[in-house]
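All heavy atoms count here, side chains included; hydrogens, waters and symmetry mates do not. Numbering of residues begins at 1 and proceeds along the displayed sequence.
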Amino acid sequence: ATGKPVSVKIGRFGPMIQLGDGEGDEKPQFASLLKGQSVSTITLEEALKLFEFPRMIGEFEGSEVSVAIGRFGPYVKHDGKFVSIPKDISPAHITLEEAEELIKDKRAAEANKVAKTFPEDADLQILNGRFGVYIKYKKNNYKIPKTVADPASLTLEECREIIASADAKPTRQRRAAKK
């Protein structure tokens, strides 16, 4: 429609589509191919659809909501925060209601991350993580022993004992793989 050439190239970060040739004052546009798309089988219509991103889908709580495709897959951007779009939802067809639900779910997960804080020591926190509950103290993470039944009920002294015992253990050095 614009008269610009469309080409498929292999770039530094993988296959991509280029719109325009870079001649003149106008810079070419680039878009990465999605998973499942191949350089040899992509059609012109599929290639042009990739340039529809980032796409504004509406407004939520006074901030714009947009959908884009990044290095780690499709995401929703709202108020400076990024929320991954699950594989079962198409980024091209996501509605504002679905995006709002994803944003609310991420907020709830972040709110449940902190299990306990201590007013006496602001650097010490008990957090819920991907692999279970752990202690965070001065940018270091410490595993809570399996013998502790309820990690959220730990006292400040018990947390400091866990940290001291973990610091006393020698760190394991990893061996390089043999070639």
Side-chain angles (χ1 to χ4, degrees), residues 11-16 30-37 53-92 94-179:
R12 189 169 147 194
F13 301 108
M16 62 184 170
F30 296 95
S32 296
L33 266 66
L34 298 174
K35 281 191 172 122
Q37 291 180 325
F53 295 103
R55 174 174 75 95
M56 296 297 171
I57 58 173
E59 209 170 283
F60 176 59
E61 295 178 350
S63 297
E64 287 184 345
V65 177
S66 63
V67 176
I69 299 171
R71 235 171 96 186
F72 304 108
Y75 63 88
V76 173
K77 182 179 179 186
H78 172 260
D79 200 24
K81 300 218 186 277
F82 302 92
V83 181
S84 294
I85 298 175
K87 290 184 170 127
D88 59 324
I89 300 174
S90 168
I94 191 169
T95 63
L96 182 61
E97 291 76 29
E98 289 172 321
E100 288 175 6
E101 195 64 35
L102 291 172
I103 293 165
K104 289 175 184 174
D105 289 346
K106 180 161 183 176
R107 283 183 186 162
E110 286 178 355
N112 292 335
K113 186 176 181 178
V114 177
K116 187 174 183 181
T117 57
F118 298 95
E120 303 90 17
D121 193 349
D123 291 336
L124 189 77
Q125 293 179 316
I126 299 176
L127 303 173
N128 288 316
R130 206 166 110 188
F131 303 109
V133 184
Y134 65 97
I135 297 171
K136 182 174 182 149
Y137 182 63
K138 292 185 178 176
K139 297 184 182 180
N140 290 325
N141 298 334
Y142 299 94
K143 216 168 29 171
I144 296 177
K146 291 187 179 15
T147 56
V148 177
D150 185 21
S153 67
L154 286 171
T155 64
L156 183 64
E157 289 73 34
E158 290 171 329
C159 289
R160 286 191 173 146
E161 286 173 18
I162 292 170
I163 292 168
S165 67
D167 284 341
K169 289 181 184 175
T171 57
R172 290 184 6 202
Q173 292 184 354
R174 296 180 186 197
R175 288 185 173 183
K178 293 182 180 179
K179 292 183 181 181

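Heavy atoms only, all atoms of each residue included: Glu59 and Leu96 are closest at O-CD2, 3.8 Å. Closest approach of Ser66 and Met56 over heavy atoms only: CB-SD, 3.6 Å. Considering all non-hydrogen atoms of both residues, Val65 and Phe60 come closest at CG2-CB, 3.6 Å. Across Leu156 and Phe118, no two heavy atoms sit closer than the pair N-CE2, 3.6 Å. Considering every non-hydrogen atom in both Thr117 and Val114, the closest pair reads CG2-CG1, 3.6 Å.
With respect to Tyr137, the side-chain contact (heavy atoms from CB on, under 4.5 Å) criterion is satisfied by exactly one of Ile162, Asp123, Ile126: Asp123.
With rounding to the nearest 0.5 angstrom, the OG atom of Ser63 is 4.5 Å from the NE2 atom of His78. Taking CD1 from Ile144 and SG from Cys159, the interatomic distance works out to 6.5 Å, rounded to the nearest 0.5 Å. To the nearest 0.5 angstrom, Lys104 atom NZ is 8.5 Å from Arg107 atom CZ. Here Asn141 contributes atom CG and Lys136 contributes atom NZ; the two are 6.0 Å apart, rounded to the nearest 0.5 Å. Glu98 CD to Ser90 OG: the interatomic distance, rounded to the nearest 0.5 Å, is 9.5 Å. Atoms NZ and OH, from Lys81 and Tyr75 in turn, are 15.0 Å apart once rounded to the nearest 0.5 Å.
With sequence neighbours left out, the ring pair (Phe, Tyr, Trp, His ring centres under 6.0 Å) criterion links Tyr134 to no other residue. For the side-chain hydrogen bond (donor to acceptor under 3.5 Å, both in side chains) test, no residue two or more places apart in sequence or in another chain qualifies with Asn140.
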Legend entry - Full working for side-chain contact (heavy atoms from CB on, under 4.5 Å) between Ile94 and Arg55: CA-CA 10 Å; Ile94 191 169; Arg55 174 174 75 95; 3.6 Å; yes
Inset, instruction - Take Asp79 and Glu61, measure what side-chain contact (heavy atoms from CB on, under 4.5 Å) needs, and give me the verdict at the end. - result: CA-CA 9 Å; Asp79 200 24; Glu61 295 178 350; over 6 Å; no
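Here the side chain of Asn128 pairs a donor or acceptor atom with the backbone of Asn112 at under 3.5 angstrom. Judged by distance alone, with hydrogens and angles left aside, the side-chain atoms of Lys77 form no donor-acceptor pair with the main-chain N or O of Ala68 at under 3.5 Å. Of the possible polar contacts, one joining the Lys106 side chain to the Phe82 backbone as a donor-acceptor pair under 3.5 Å is found.
Residues in residues 142-157 take part in no salt bridge (Lys or Arg N to Asp or Glu O under 4.0 Å) pair, two or more places apart or across chains.
Counting heavy atoms of neighbouring residues, nucleotides and ligands inside a 6.0 Å radius, atom CD of Glu64 does not exceed 12 of them.
Between Arg160 and Glu120 there is no salt bridge, since no side-chain N of the basic residue sits under 4.0 Å from a carboxylate O of the acidic one.
Within the 4.5 Å cutoff, the side chain of Pro86 has heavy atoms near those of the Leu102 side chain. Put simply, the side chain of Leu124 reaches to within 4.5 Å of the side chain of Ile163, judged on heavy atoms.
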